[in-house]
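Taking it in order: structure first as structure tokens, then the write-up.
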Amino acid sequence: MLTFTLRRLLLAIPTLLVISLVIFLLVDLAPGSPMSDIPLTVPPDVRQRMIEALGADQPVFVRYVLWLRQFFWVEPAFLIDGWFGTTLSEGEQRILSWQSRSPVFTIIGQRLPQTLTVIGTAYLVGILIALPIGIYSAYRQYSLFDQGGTLFAMIGFSVPTFFSGTLFIIIFAVWLGWFPTKYNTQLDVVDWATFWEQIRQMALPVMTLGLANAAAISRYMRSSMLDNMTMDYVRTARAKGLSERTVVLKHVLRNSLIPVVTVIALGIPSIFGGAIITENLFGVNGIGAALIGAIHASDLPMVQTLAFIFAVLIVLFNLIADILYGLLDPRIRYD
Amino acid sequence: MTDASTTPPRPASQSREIWQQFRTHKGAMFGLIVLGFLIIAVLIGPYLWVPENLTVAEAIRIRNQGPSWRFPLGTDQLGRDMLYRMLMAGRVSLAVGLVAMLIAIVFGTFIGIMAGYFRRLDSPLMRLTDMFLALPLIPLLLVMVMLFRDRIANMIGPELGAFTLIVFAIGITSWMATARIVRGEVLTLKEREYVLAARSIGARPNRIIRRHILPNVVSPVMVAATLGVAEAIITESVLSFLGLGFPPDFPTWGRLLFDGLQYMQVYPERVVWPGLAISLTVLSVNYIGDGLRDALDPRIRGR
Amino acid sequence: MKLKTALLGAVAVLGLAPAAFAERGADGEVRLTFPQAVSIVNPYLSGGTKDILAAAMVLEPLAVVDPDGVLVPRLAVEIPTMENGGISEDMTSITWKLQPGLLWSDGTAVTADDAVFTWQYCTHPEGGCSQATKFEGVASVEAVDPSTIKVTFDGPKPNPYTAFVSGLSPLLQKAQFEACIGAAAPTCTDANNMPIGTGPFMVTGFAVNDTVSMTANPNFRDPAKPAFATAVIKGGGDAEGSARAVMETGEFDYAWNTQIPPDSQAAMTAAGKGQFVVAFGTLVERIEMNLTNPSPDLPEGERSTVKHPHPILSDIRVRTALSKAIDRSILVEIGYGAGGKPTCNVIPAPEAWASDNTACLTQDLEGAKALLEEAGWTDTDGDGVRDRDGVKLSLLYQTTVNPIRQDFQALIKDWWSEIGVETELKAIDPGVFFGGDPGSPDTFQKFYADVEMYANNSDSPDPETYLAQYLCANIPSPETQWQGENINRFCDPAYDALHAELTGTTDIAQRQDIAKRLNDMVTKDSMVVVPLVHRGTLSAHSNTLGGVRINAWDMETWNVADWFRVK
């Protein structure tokens with residue numbers, strides 16, 4: 001397992017380099033310009049000078065190499081400077097967003113907290129709801145509970161978040177007035193009052209996203225459990241006189257987790273990627289909102305950096321999923 | 001499992017046997033009927049329900065009406081008949097949803113099985129999957145529009161061209177999850193006793209995959225298919241925001257839902273109809289998937 | 001509309017009395033929300049109005065334009081004119097006097113050197129200043145003495161109120177930005193996000209594309225203002241959400257740019273927490289006619305170029321018929337409600353500059369049909385679509401993705417089909433449409449369609465530069481990388497000559513007269529531009545927020561110092 005992990009980690013380096021190049025070329029090729037937000041009253045020659053000031057008129061490979069250098073050398077150097085007070089990055093240009101002229105990593109730093117709290121909580125809530133529903137639905141297939149769970153899941157994923165989110169806003173914020181509709185990213189949780197405030201403002205986005213996540217995961221959990229419920233080993237275990245609880249929760253569950261682990265591992269990088277629509281709707285302004293804003297503004301350094309970090313997380317979590325497969329089912333071998 | 005007590009008289013052929021089992025599944029039959037009804041409705045409905053030919057001035061006067069005998073689903077903000085629009089929209093949405101889902105799961109399953117079963121292919125295929133997962137979707141779609149829209153439209157006409165591009169775009173960006181899930185399943189399946197047994201008696205990989213692997217990955221694939229239909233219908237409406245979709249006067253369920261959103265408080269029925277249509281489609285595909293899985297499972301079928 | 005404006009005025013007048021007794025910071029926090037978040041607080045590097053709105057609360061120009069289009073001094077003692085000697089006889093220079101005792105928010109004195117520096121900052125060739133047009137024709141800016149700023153032009157300038165006028169061109173503090181000139185401009189993150197200003201507020205916290213936190217400027221020149229101790233601008237979401245946060249949930253006091261369907265406007269107003277206010281500038285939603293042939297059969301590089309005139313739209317009778325078929329009042333009713341009014345002009349405001357051209361306001365389907373008949377377009381094969389010499393009267397109509405524009409497309413398509421014109425619709429991502437990427441076929445400059453719809457406006461009440469876009473020299477073409485504002489490819493020597501006359505004319509009444517004639521040349525005389533709706537900016541403010549005077553000629557936050565809490 002260790003050699004497998006190491007080999008995969010080494011292999012990840014060229015993979016990620018290729019991915020970064022593909023993303024860069026793709027984003028560069030996409031139509032649109034960093035000037036598309038500028039009012040039409042700004043004449044073309046001024047626009048041209050603004051583009052030159054951004055360095056956006058340089059050849060694509062020059063910009064790519066510059067980005068690589070900034071990402072792998074300047075930014076880590078800056079980080080080290082911050083920790084140890086060294087001056088490695090002095091005089092170096094950090095990766096600057098074209099749209100806001102702020103360093104991309106500063107923006108990520110500003111946005112990571114709310115992304116992790118809101119999207120992460122929503123994901124956790126989703127999993128915590130989904131697993132019991134999936135397990136119990138499968139155990140009592142076609143029972144009333146199962147039918148109800150199915151309906152819940154169907155509604156959860158056939159209703160897009162832009163719809164459920166708006167609905168929740170109208171019900172819980174406009175009619176009932178329980179929760180705010182706009183997330184305050186500047187809120188510092190220092191006491192019970194602010195903690196309560198934080199809970200209130202997280203409620204709506206977490207509900208919206210949690211519903212969508214729970215719906216999908218519960219379906220995978222249920223179907224996988226169903227496959228295993230009829231296996232011979234389950235009959236054997238029951239015949240041996242093991243309690244129902246042990247049979248279901250130890251034997252069946254463990255063997256049913258592989259597709260669920262895959263789905264969850266696919267989902268975790270997307271926590272970082274954020275939830276574009278939900279973030280926008282509730283003004284959470286996490287990484288997802290930053291990415292979509294940057295894409296619309298053709299803010300190449302920002303898009304490239306975010307997409308690349310996302311790629312790293314995907315590769316990493318897929319590796320973790322592969323390792324977990326081996327732990328869940330020792331028969332799986334990779335060498 | 002519950003009401004599968006009626007044993008078929010004589011198992012004639014496998015497919016017949018599967019159908020017999022499928023028919024006993026109430027949910028599956030419900031799904032099939034609903035989906036069939038939706039498909040028939042959108043195919044022949046627009047011929048049976050021809051909207052009145054109104055001038056703009058006349059239509060404007062009857063805008064935003066609730067359901068009535070004249071307009072069973074009401075009218076929209078421009079006085080257009082919602083029933084007719086729903087039917088026309090359903091053609092596109094059902095076609096896009098089902099075809100794109102098929103592309104995504106067929107391709108995803110194929111990649112997943114190849115990667116899971118053949119160790120040599122595992123690494124390159126999974127790295128490819130990683131790459132597709134990492135690509136930012138919107139620039140990818142914009143590039144596709146820029147490069148291919150006019151060319152495809154020139155070849156097969158604007159509407160069919162738009163359909164092909166949409167289905168292809170959705171398919172190519174949504175197979176990855178299926179591929180990874182199937183691969184994970186195949187990794188455990190191929191170490192199971194019966195597969196080892198089949199291999200030891202010299203069965204070819206082709207046969208092992210078809211007889212032993214494929215039937216056992218059906219259930220996650222079915223879930224992926226159910227999710228895929230819903231996602232494809234919604235994604236289509238997102239595509240139209242990028243100019244990748246159909247011309248703007250071409251209604252689809254996703255777009256009607258999105259357009260209705262800004263009227264949600266004033267005219268809630270405007271979002272209810274498309275939302276209901278999408279949910280019904282997804283629900284029926286889900287039940288069909290459930291029935292199909294039970295029908296394909298020999299352990300259930302036998303009983 | 002009128003009533004609302006009147007009420008608003010009343011509120012403002014009533015508001016002024018208590019505000020005079022108020023003290024700085026007595027009213028707590030004012031909360032603003034924008035559908036697009038603020039990216040940067042330096043207007044010279046900004047990407048759009050959202051940023052400049054925030055900047056206008058912090059940075060101030062010498063003079064601002066009030067809601068009536070009248071110049072009002074801000075940092076200057078008075079508006080320089082010919083009469084008071086502020087403008088030289090030959091109109092080549094203008095001299096501004098700074099108010100005495102002005103302080104930056106860090107306590108240092110404002111001097112004429114700051115203005116000189118601001119000019120240098122924005123005109124540096126490597127700086128990429130987005131407001132460079134404000135300094136166009138400026139030969140030099142000098143500090144005659146610490147409180148006197150002399151702007152010299154490279155020729156007579158009939159409208160010298162460009163540099164340092166309006167929120168687009170405020171003063172920067174030299175001490176803060178000295179190291180940020182030229183290529184270094186984008187790297188000064190702190191200065192760009194937290195500029196030191198003279199305005200009522202100063203930035204204390206900035207989260208990019210999310211939140212701007214501000215507190216009252218302790219050194220603001222009026223000791224009683226602002227009434228609010230702190231201000232917050234939260235960005236993100238959509239117009240719907242912003243409007244809701246003010247009008248229904250009351251979480252915010254002010255929302256900028258809340259253009260939502262008229263029905264929803266009414267429903268939200270009924271909630272009784274706030275009101276919509278609208279300001280009409282020069283923004284006009286219009287259909288632009290392509291005078292060149294966009295046919296895909298032409299080789300790339302010749303599509304939509306002056307080499308090939310448009311086979312259908314070159315005929316003025318067809319263009320006129322298309323305009324006659326449209327009922328503009330229905331468009332307003334469906335799309336904008338209080339936020340728009342029908343118009344036939346490219347320059348619909350200010351009143352003194354707007355032509356009295358109203359002929360297009362009444363729909364005339366029969367007249368349109370007659371014109372098409374006259375032009376030789378008849379329906380010979382009986383399919384409902386007119387044709388001539390085997391060519392169908394069929395048009396491709398493109399615009400950006402936007403619910404209101406899609407409704408307009410659908411309506412106009414139906415009207416046109418009533419007069420026998422077939423229309424194919426296309427909607428394009430706004431980022432692509434306005435992006436100007438020469439590689440994309442979908443930009444508005446490339447205009448690979450027969451007609452297209454979007455909105456444009458003049459950034460000052462005087463429309464000289466705005467009208468320059470229809471000059472022959474501004475036609476986009478492959479040679480210019482498709483840059484150029486004359487997207488109709490309209491070219492009329494008489495127009496060019498008249499515009500040159502405008503540039504040389506100094507008498508204001510004459511200028512207005514010429515501007516009206518130029519406006520008529522592109523609209524009613526040639527029907528090259530078909531104006532549809534004069535759009536206002538629709539914003540929403542809470543009933544508890546007083547002192548708001550929405551302004552189309554300057555930033556909406558222009559008088560934020562006067563805002564107060566209604567108790």
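Everything quoted here is computed from the prediction, not taken from an experiment. In what follows, chains carry the letters A, B, and so on, assigned in the order in which the sequence lines appear, proteins first and then strands, with residues in each chain numbered from 1.
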| query | Hey, does A:Arg219 have a side-chain heavy atom less than 4.5 Å from the side chain of B:Thr226? | reply | no
| Toward chain B, the part of A:Leu26 with a non-hydrogen atom under 4.5 Å | both
| request: Check whether any side-chain heavy atom of B:Met126 lies under 4.5 Å from a side-chain heavy atom of A:Asn318, and answer yes or no. | output: no
| request: Below 4.5 Å from any heavy atom of chain B, which atoms of A:Val312 appear? Answer side chain, backbone, both or neither. | output: neither
| Side chains of B:Arg183 and A:Asp322 in contact at under 4.5 Å (non-hydrogen atoms) | yes
| message | Counting only heavy atoms from other residues, nucleotides and ligands, does the tally under 6.0 Å from CZ of B:Arg23 exceed 12? | response | no
| task | Considering only heavy atoms and a distance below 4.5 Å, find which of B:Ala134, B:Gly27, B:Pro268 pairs most often with chain A. | result | B:Ala134
| message | Other residues, nucleotides and ligands only: do more than 12 of their heavy atoms fall within 6.0 Å of CZ on B:Phe168? | response | no
| request: State, yes or no, whether a side-chain contact exists between B:Asp130 and A:Leu16 at a heavy-atom distance under 4.5 Å. | output: no
| field | Whether over 12 other heavy atoms sit under 6.0 Å from A:Leu176 CG | value | yes
| said: Quick one, B:Thr188 and A:Tyr325 - any side-chain contact, counting heavy atoms below 4.5 Å? | reply: no
| said: Please find the pair of heavy atoms, one from B:Pro139 and one from A:Ile295, that lie closest to each other, and give the distance. | reply: CD-CD1, 3.8 Å
| message | To the closest 0.5 Å, what do you measure between CZ (B:Phe132) and CD1 (A:Ile314)? | response | 12.5 Å
| request: With a 4.5 angstrom heavy-atom cut-off, could you sort out which part of A:Thr166 is near chain B: side chain, backbone, both or neither? | output: both
| message | Do A:Tyr220 and B:Ile181 have side chains that approach each other closer than 4.5 Å (heavy atoms only, starting at C-beta)? | response | yes
| message | For the interface with chain B, which of A:Thr150, A:Leu151, A:Thr262, A:Leu11 has the highest count of heavy-atom pairs at distances below 4.5 Å? | response | A:Thr262
| field | Nearest-0.5 Å distance, CG of residue B:Leu135 to CZ of residue A:Phe310 | value | 10.5 Å
